[in-house]
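The next block holds one structure in the form of structure tokens; read it before the comments.
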Amino acid sequence: MRRLEVEGLSIRLPRGADREFAIQDVSLHLDSGEILCVVGESGSGKSVTASAVMGLLAPGLSVAGGAMRLSGEDLRAKSPEEWRRLRGRRIAMVFQEPMTALNPLMSVGAQLSEMWRVHLGLDRREAEARALAGLREVKLPDPEGALRAFPHELSGGQRQRVMIAMALALEPEVLICDEPTTALDVTTQAQVLALIKDLQRRHGTAVMFITHDFGVVAEIADRVAVMQHGRVVEQGAARDILTRPEHPYTRALLAAVPGASAPAPRPLSPDAVLEVRGLSKTYATRGLFRRRRPVRALDGVSVTLRRGATLAVVGESGSGKSTLARCVVGLLGADGGEIVIGGAPLPRRRREAARLVQMVFQDPYASLNPRRRAGAQVAQGPIAAGTPPGKAMEEARRLFGLVGLDPEAVSRFPHEFSGGQRQRIGIARALAMQPQVLVADEPVSALDVSVQAQVLALLRDLQARLGLSILFITHDLRVAAQLCDEVAVMRDGAVVETGRIGEVFAAPKHPYTRSLIEAIPGRALLGA
Amino acid sequence: MRVFKLALRRLAASLPTLLLILVGMFLLLQLAPGDTVDALMAQMGGGDAALAEELRRFYGLDLGIAARLGQYLLRLATLDLGFSAIYGKPVATVILERLPATILLMVSALSFAFFFGLVLGVIAARRVNRWPDTLISTLGLIFYATPSFWFGLMAIVLFSVHLQWLPAGGFSDITQELTGIAALLDIARHLVLPTLTLGLIFLAIYLRIMRASMLEVLSLDFVRTARAKGLSETRVVARHVLRNAMLPMVTLIGLQAGTMLGGSVVVESVFALPGLGRLAYESVVQRDLNTLLGIVFVSALLVIAINFLVDILYARLDPRISADS
Amino acid sequence: MRALRAYLRSPPALFGSAILFAVLFMAVTAQWFYPNDPLGLAGRPLQWPGANPRFPLGTDPSGRDIAAQLFHGARVSLLIGVVATAIAVLIGIAMGAVAGFYGGGVDTGLMRVTEAFQTLPNFLLLLVLVAVFGSSIETVTIAIGLVSWPPVARLTRAEFLTLRTREFVQACRVQGLPDAHLILREVLPNALPPVIVYASVVMAVAILLESALAFLQLSDPNVPSWGNLIGLGRNVLRTEWYVSAIPGVAILLTILGVSLVGQGLNDALNPRLASGR
């Protein structure tokens, strides 16, 4: 049965935006019992489409034309009040950010039972009984406890389960999931995807699943619609689109998805440029009222980076991989163990350490000072180290060329660059110090897949040309496999497995590594 | 229990602050030209040096600064604030006599400002950029710009002199012997204008912060979730937005407790209220430094007490504040 | 440039600027329009505004020209507003920057001092300072600056606390740049816009504090001040209420102008927070 139908939908952006329409002439349909994946990069209009269907367009956006029908009923003809009564009852939504999607001051039970109290008018006791059953269905451990808990007491995955329970509370005909697993770790993502698929089967719900990740698509989609610049460029059965994409954009997107298998191993230099031996770091978390609870971020970590090679440090959030990166560049002091670069311990003084090790940061928008010119931010390190300013600026131009930017762009401000370009500036900034070791902390995780592939290619190219030694921090095994020679898998502050990346992938020894590899979405389809 | 423990810990943390204030003020007052004895002698119309010497010894003013500071702090620990030469009574007694009026004024001004600030802020945010918002925001700006003492005087001209609805000053009607409810009503009538005068600027501040905070919270993800659940706008605001939006306002009460106490100096002197603020003014004019120091101490205690209550309120509102996170 | 255009498009901001220009005009031309001592006897006391064309705003209980005092008082209000604000903002930024950037023990220590200043009612502290150091216009100005800095310090500290963990600041650390560069060139320029906006609040409060002090006759008696005039009018409030009313309106308009300019700056410098959405 046709549950949701979107026909020729166009949505106008407020005046002064960079284009006239957020989405244009979008047509989609969704039958009961199927999962439609809407795929696209940021700015493709996939989330706007979802909020239009919910009747929750952001202020300033307006429907310019087209039709939306829920089980044949015209949604655009509904009054706001009628539409409100549909929401949550017949069409429900799960959002991307589980950390902020729940009211922090209200208990989970109260937020969940609100569904039955508002829509069905049940009393408190009955609503709570239903809420408890709902939490059981989404397989939350200790559902009674979760009912009384406040959102901050649950993990991201648990909160997303609560959101799903809330969305499915009244058995809606249509469930819209807006990147519900993007903010989660891989293993949690795999569990949540399995849960959504299982519930959808049992209830026969029609699911519209918005994502940017073709791996996820391969995992759960029955049908796929690909969006670019506010238009649907291709749609069809998942199998067809994944194996025989027709539109060039779909093909480019699929080609950019990193495969889960490593390239052929290359010979590695025997000498180590960076050695981390038995590194420990304990955070004394400082609460608002000054009571401290120690957290072991690093627990006797030892890794070795060979000269001219790339070592991937892979782990989920809380594994300590970022702490390791920050210790290696001297941003954090370790409590025990040692860091040896080029045969000597990492100097304590910032200026001396800067010559040995540099860092590329995660967030292209936060890692450049918005108020200073791009070139100055590249040249300032060498200038502080004693290079004459004129020469340093000349070098900055050369580096801009090296990372694929216009050398004249040195005089522009960061906001004039795209995310991928900013990440290139970040790489140029790190290279300006001519370090022995380059630490890259999730350098591509904030970028769209196609841009991701370009930045990874640049890093690979630079490594070949300059003989860089890279410590590559990532949560994404697929990205690690593309670039790295060796891998160290971290969990709870300790390294559980190390080795050549191809071998670790083919025959993981530690059960945790195995579960990480198994959790990679779309492995069956894309891994080959 | 959690809430109470938290507030207690904060209370303990404010002890060093209190000590810092006392030592700082004590040292500051040492720089003052002339001491209590000079003031006393001036009041007596002069006297000889020997008498001054005698008096200084009597009040312990002949010792070194460090010794006097130590003595002062020791006496404070037993809540002995010293003796006011001007009033001829222990400072503690003088202050206690004046404290109720000030506390009453502060509580009523704060309640007035908080309640109307909340209501007006919510209305403005719900009708943002439409006429109710424009009207409320403009009124807020004007209230904020009005000097409290001037507003007080103009209110006296209008309500006491011309309309004769309300008394122009004082704490109660001293021409009549009132008891029970009648006495309370009489005090309430006397407090209407001072409350408005003191509360006006805080009303302006609270309504502005409440409006901004409402707009901020309305843009958060969980409000979108609440709307996606199909809740009515009223329920979204009442159940989800309001409590979150109140948090910054509650914080502000604590931060501005001192400012409000400072404002009462002016308001009490406009309306001739026998409160702590007026006492502070009088002791500055009469150079009664002992009393001034005592007022500083009691004011600091008062501000700390208000912050203690605010902490309890905040921790009750926000479950994320916990003893060990 | 974009910020300037946004500012010029906002009617309230322009209205506020106009008021401030008018006050500035009064302050600058006071000597020219009213060259005689505004505190000197000018005519018969307590003439109502309009009653005598020589005194368009009337005379006060001592027979001094109210209009002349208004013009000369504008100087005092603006001067105290600007100088005290500069003092408060400088102290506040210095304290907040150091506390927020270094954190730890330095932060705790400096914040204790800030808390001490905030726990003490600021007007009470002002009274004590005036009692100790006298009430010349210079001491009053400095004293107002000294009691007004804590909120600036808190605001600056909060900005520094978030900015210092931002990746671009960490990148500069990794590049080996010294703390002075980090504080002055990386963090401070990004922390400044909200502080500049808040300076308008400090200025409004400074003008109010001075007028309150003058109203209690605790400010410099040799300088014409709006607050002082309101205080003088108190004795004749029941009949000649205009003596108090006129200078009060002047204070109200000045503060309104300062607030409107501050709000305009806020909307222009922080477009995301601009009223609306």
Side-chain angles (χ1 to χ4, degrees), chain B residues 14 16-18 20-21 24-25 28-29 31-33 128-129 133 137-138 141-142 144-151 153-154 156-157 161 168 201 212 215-216 218-219 255 257-266 269-270 277 280-281 283-285 287 289 292-293 295-296 299-300 303-304 307, chain C residues 12 112-113 115-134 147 150-151 154 201 204-205 207-209 211-213 215-218 226-227 230-231 233-234 237-239 241 244-245 247-249 251-260 263 273 275-277:
Chain B
S14 55
T17 309
L18 187 61
L20 207 62
I21 292 174
M25 288 307 286
L28 187 63
L29 288 184
L31 298 173
V128 66
N129 289 346
D133 177 31
S137 296
T138 309
L141 273 171
I142 292 174
Y144 184 78
T146 310
S148 59
F149 52 91
W150 179 76
F151 178 84
L153 292 181
M154 295 302 117
I156 290 175
V157 171
V161 179
I201 191 166
L215 291 178
E216 166 92 29
L218 277 167
S219 74
L255 278 176
T259 314
M260 188 173 251
L261 199 51
S264 70
V265 174
V266 181
S269 100
V270 169
Y281 170 65
S283 33
V284 168
V285 173
R287 310 208 71 76
L289 299 187
L292 196 55
L293 202 54
I295 293 171
V296 167
S299 311
V303 171
I304 289 171
N307 274 290
Chain C
R112 274 287 132 73
V113 176
E115 263 167 43
F117 270 83
Q118 269 190 322
T119 304
L120 210 55
N122 57 358
F123 196 72
L124 193 54
L125 179 58
L126 190 60
L127 285 185
V128 173
L129 286 174
V130 169
V132 171
F133 296 108
V147 303
R154 289 187 92 100
V201 177
V205 173
I207 294 174
L208 282 175
L209 281 176
S211 63
L213 210 55
F215 167 73
L216 294 175
Q217 315 294 323
L218 291 174
W226 295 341
I230 299 178
R234 236 178 126 173
L237 191 65
R238 285 177 182 274
T239 45
W241 50 269
S244 291
V249 172
I251 299 176
L252 195 157
L253 284 176
T254 308
I255 308 281
L256 191 63
V258 172
S259 305
L260 287 173
Q263 218 171 56
L273 302 171
S275 56
R277 5 208 154 266

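Per chain, numbering begins at 1; letters A, B, ... match sequence-line order.
In this structure, the portion of B/L292 lying under 4.5 Å from any heavy atom of chain C is its side chain and not its backbone. Only the side chain of C/Q263 comes within less than 4.5 Å of a heavy atom in chain B; its backbone stays farther off. Both the backbone and the side chain of B/V270 have a heavy atom closer than 4.5 Å to some heavy atom of chain C. With a 4.5 Å cut-off on non-hydrogen atoms, C/V130 does not touch chain B at all. When heavy atoms are compared at a cutoff of 4.5 Å, B/Y144 approaches chain C by way of both its backbone and its side chain. Contact annotation for B/I156: only side-chain heavy atoms (C-beta onward) come within less than 4.5 Å of a heavy atom of chain C. With a 4.5 angstrom heavy-atom cutoff, C/V249 touches chain B via backbone and side-chain atoms both. Of the two parts of C/L209, neither the backbone nor the side chain holds a non-hydrogen atom closer than 4.5 Å to a non-hydrogen atom of chain B. For a residue to count as touching a neighbouring chain, one of its non-hydrogen atoms must lie under 4.5 Å from one of that chain's; by this rule B/A257 does not touch chain C. B/T259 touches chain C through backbone and side chain together, each having a heavy atom under 4.5 Å away. If you measure heavy-atom distances from B/M260 to chain C, you find no contacts under 4.5 Å at all. Heavy atoms closer than 4.5 Å to chain B are found in the side chain of C/A204, but not in its backbone. In this structure, chain C has a heavy atom under 4.5 Å from the side chain of B/I201, while its backbone stays farther away.
To the nearest 0.5 angstrom, B/L261 atom CG is 4.5 Å from B/S264 atom OG. Rounding to the nearest 0.5 angstrom, the gap separating the CZ atom in C/R234 from the OG atom in B/S269 is 5.0 Å. A distance of 7.5 Å separates CG in C/L125 from CG in B/L28, rounded to the nearest 0.5 Å. Atom-to-atom distance recorded for C/L208:CG and C/I255:CD1 is 4.0 Å, nearest 0.5 angstrom. Put simply, OG1 on B/T17 and CD1 on B/I304 are 6.5 Å apart, with the number rounded to the nearest 0.5 Å. The OG atom of C/S244 sits 5.0 Å away from the CG atom of B/L153 when rounded to the nearest 0.5 Å.
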Are B/M25 and C/L120 close enough, and set up right, to give a side chain to side chain contact (heavy atoms under 4.5 Å, CB included), and what steps lead you there? CA-CA 10 Å; B/M25 288 307 286; C/L120 210 55; 3.8 Å; yes

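Without hydrogens or angle criteria, B/W150 side chain to C/A245 main chain gives a donor-acceptor distance under 3.5 Å.
Here C/F123 is the residue among C/F123, C/F117, C/W241 with the most heavy-atom pairs under 4.5 Å with chain B. Considering only heavy-atom pairs separated by less than 4.5 Å from chain C, the leading option among B/A145, B/G258, B/S14, B/P147 is B/A145. With chain B as partner, the option from C/P150, C/S211, C/G257, C/G231 having the largest number of non-hydrogen pairs under 4.5 angstrom is C/S211. In terms of heavy-atom pairs under 4.5 Å with chain C, the best-connected choice from B/G262, B/G24, B/G263, B/P16 is B/G262. The greatest number of non-hydrogen atom pairs below 4.5 Å with chain B, out of C/L218, C/N122, C/I230, is found for C/I230.
With a 4.5 Å cut-off on side-chain heavy atoms, B/S283 and B/I295 count as touching. Contact check for B/L255 versus B/N307: no side-chain heavy atoms found under the 4.5 Å cut-off. The side-chain heavy atoms of B/V266 and B/Y281, taken from C-beta on, include no pair separated by under 4.5 Å.
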